[in-house]
> 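Below are the structure tokens for one structure; questions will follow.
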Amino acid sequence: MLEVGGLVPFSATDYPGQISAVIFCQGCPWRCSYCHNSHLQEFSSGNVKWHNIIDFLNRRRGLLDAVVFSGGEPTLQKAIFESIREVKSLGYLIGLHTAGIESSRFEQVLHLVDWVGLDVKALPENYDAITGRKNSEKNVIDSLNLLVRSRIAYEVRTTVHDENSALSIGKLAEILSNAGVENYTLQIARSSDRKEIPIDPLILKTQLSTITPLFTKLGIR
């Protein structure tokens with residue numbers, strides 16, 4: 001059974017163009033300092049029961065368009081496959097938020113989903129410093145290549161969490177563009193009190209002017 005840490009019953013932002021519910025899966029091996037879902041990193045007994053989620057989704061058929069599996073990292077759990085199939089059988093579009101941590105499982109789940117939001121956190125050489133885990137970039141690169149080749153609708157996004165990450169966006173954007181990414185979004189990190197972390201706007205403005213031609217669609221939020 002899927003281990004769930006929370007459920008957002010209504011969202012207009014987690015699946016582009018669709019009204020969705022968001023299931024927050026427990027478990028993540030990474031320890032990114034700016035993570036805003038750090039309470040989901042460990043598994044706990046106080047999770048949301050799966051049968052309650054299915055009951056809720058049954059009652060919302062016709063009112064919601066999609067269900068997004070987020071986290072934590074959804075692909076860590078073997079139960080993700082059956083859980084997606086069960087939700088899909090109710091008629092919902094399926095979205096997946098992932099950091100590409102488990103590329104082999106990501107490859108298996110791709111054919112079950114309709115849209116993917118893939119987090120690419122940094123330049124490959126900077127990954128370990130952010131995640132706190134060695135060689136963490138390898139699976140992300142594999143997941144990125146799988147996603148681009150799949151032709152499934154997607155968004156690749158990077159969280160800008162300090163001025164160093166802002167300054168490296170240009171180089172990272174070139175790598176992503178060369179990999180075939182067409183839809184890219186920058187996310188400004190927020191502090192625990194939901195305020196944006198201050199980053200020199202001139203840095204971002206300069207980077208945006210440089211990378212805009214690299215993508216069919218470029219967003220910032």
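Bear in mind the structure is a predicted one, so any value in this text is a computation, not a measurement.
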> Mark yes or no for whether S20, through its side chain, and A66, through its backbone, hold a donor-acceptor pair below 3.5 Å.
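Pair absent, no side-chain N/O of S20 close to backbone of A66.
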> So that I can tick it off, tell me whether D55 and R59 are bridged by a salt bridge, with the cut-off set at under 4.0 angstrom between side-chain N and carboxylate O.
no
> Does the side chain of I130 come within less than 4.5 Å of Y127's, by heavy atoms?
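Not in contact.
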> Apply side chain to side chain contact (heavy atoms under 4.5 Å, CB included) to the pair F106 and L147, showing each step before the final yes or no.
CA-CA 9 Å; F106 179 63; L147 180 59; 4.2 Å; yes
> I need the L208 CG to I169 CD1 distance, nearest 0.5 Å.
9.0 Å
> Consider only side-chain N and O atoms of E86 and W50, and report whether a donor and an acceptor are under 3.5 Å apart.
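Yes.
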> How close do Q26 and S44 get, counting heavy atoms only, and between which atoms?
NE2-OG, 3.1 Å
> Between L176 and L144, is there a side-chain heavy-atom distance shorter than 4.5 Å?
yes
> In this structure, would V22 and L112 fall into the same cluster of hydrophobic residues linked by side-chain contacts under 4.5 Å?
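As far as the 4.5 Å side-chain criterion goes, L112 and V22 are not connected within one cluster.
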> Only one of T216, T212, T158 passes side-chain hydrogen bond (donor to acceptor under 3.5 Å, both in side chains) with Y184; say which it is.
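That would be T158.
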> Can you label the angle between the Y34 ring and the H161 ring as parallel, tilted or perpendicular, going by 30° and 60°?
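Because their plane-to-plane angle is under 30°, the rings of Y34 and H161 count as parallel.
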> A side-chain contact here means heavy atoms from C-beta on lying under 4.5 Å apart; do K78 and R105 qualify?
yes
> Is Y92 close to D65 at the side-chain level, that is, under 4.5 Å between some pair of heavy atoms?
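SC-SC contact between D65 and Y92 ruled out.
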> Which pair of heavy atoms, one from D114 and one from A153, lies closest together, and at what distance?
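Nearest heavy atoms, D114 then A153: O-CB, 3.8 Å.
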> Is the backbone of T13 close enough, under 3.5 Å, to the side chain of S11 for a donor and an acceptor to pair up by distance?
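Yes, because the side chain of S11 sits within donor-acceptor range (under 3.5 Å) of the backbone of T13.
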> Side chain to side chain contact (heavy atoms under 4.5 Å, CB included) between V87 and I84: does it pass, once the steps are laid out?
CA-CA 5 Å; V87 172; I84 287 177; 5.9 Å; no
> Answer whether the closest heavy-atom distance between the side chains of H51 and I54 falls below 4.5 Å.
no
> Considering non-hydrogen atoms only, spot the tightest contact between S83 and L2 and give its length.
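What the structure gives for the nearest pair is OG-CB, 3.3 Å.
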> Distance from T131 atom OG1 to K121 atom NZ, nearest 0.5 Å?
8.5 Å
> Please name the pair of heavy atoms, one in A122 and one in L172, separated by the smallest distance, quoted to 0.1 Å.
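Looks like O-CD1, 3.6 Å.
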> Start with the C-alpha gap between W30 and I101, add the side-chain angles, then the distance that decides, and say whether side chain to side chain contact (heavy atoms under 4.5 Å, CB included) holds.
CA-CA 9 Å; W30 291 353; I101 294 175; 3.5 Å; yes
> If I take atom CG from residue L146 and atom CD1 from residue I141, how far apart are they, to the nearest 0.5 angstrom?
12.0 Å
> Would you say the side-chain atoms of D128 and S136 include a donor-acceptor pair closer than 3.5 Å?
yes
> For S177 and E174, indicate whether the former's side chain and the latter's backbone hold a donor-acceptor pair under 3.5 Å.
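Absent.
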> Determine whether I203 and V160 fall in the same hydrophobic cluster, where Ile, Leu, Val, Met, Phe, Trp and Tyr are linked whenever their side-chain heavy atoms lie under 4.5 Å apart.
no
> Take R221 and E155 through the test salt bridge (charged side-chain N to carboxylate O under 4.0 Å, His left out) and record every step on the way to the result.
CA-CA 13 Å; R221 70 168 70 96; E155 171 189 88; 2.9 Å; yes
> Is the shortest side-chain heavy-atom distance between V68 and L96 below 4.5 Å?
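With C-beta onward as the side chain, the pair stays apart.
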> Which heavy atom in R31 sits nearest to a heavy atom in R133, and how many Å separate them?
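In terms of heavy atoms, the two residues are closest at CG-NH2, 4.0 Å.
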> In terms of hydrophobic clusters joined by side-chain contacts under 4.5 Å, are L90 and L93 together?
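No; L93 is not reachable from L90 via cluster members.
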> In sequence, state the C-alpha distance, the side-chain angles, and the governing distance for K171 and E125, and then conclude on salt bridge (charged side-chain N to carboxylate O under 4.0 Å, His left out).
CA-CA 12 Å; K171 186 176 178 181; E125 60 266 28; 3.5 Å; yes
> Might you point out which heavy atoms bring P29 and L76 nearest each other, and give the distance in Å?
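The answer is CD-CD1, 3.5 Å.
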> Could you measure the distance from the CD1 atom of I80 to the CD atom of E3? Nearest 0.5 Å is fine.
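Reported to 0.5 Å precision, the distance equals 12.0 Å.
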> F24, V48: one ILVMFWY side-chain cluster at the under-4.5 Å cut-off?
no
> Against R157, only a single residue in D119, T185, N183 fulfils side-chain hydrogen bond (donor to acceptor under 3.5 Å, both in side chains); can you say which?
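Output: one option passes, namely D119.
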> When you compare the side chain of V181 with that of Y154, does any pair of heavy atoms fall below 4.5 Å?
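With C-beta onward as the side chain, the pair touches.
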> Evaluate the criterion side chain to side chain contact (heavy atoms under 4.5 Å, CB included) for residue pair V109 and F69; output intermediate values, then yes/no.
CA-CA 12 Å; V109 83; F69 289 80; over 6 Å; no
> Are I175 and V148 linked, directly or through other ILVMFWY residues, by side chains that come within less than 4.5 angstrom of each other?
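They do share one cluster, since a chain of ILVMFWY contacts under 4.5 Å joins I175 to V148.
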> Side chains of W115 and H97, heavy atoms from C-beta outward: is any pair under 4.5 Å?
yes
> Would you give the length of the straight line joining atom CG of N139 to atom OG of S104, rounded to the nearest 0.5 angstrom?
7.0 Å
> From R85 CZ over to I94 CD1, what is the distance, rounded to the nearest 0.5 angstrom?
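Here the rounded value is 11.5 Å.
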> Do E73 and T75 meet the criterion of a side-chain donor-acceptor pair at a distance under 3.5 Å?
yes
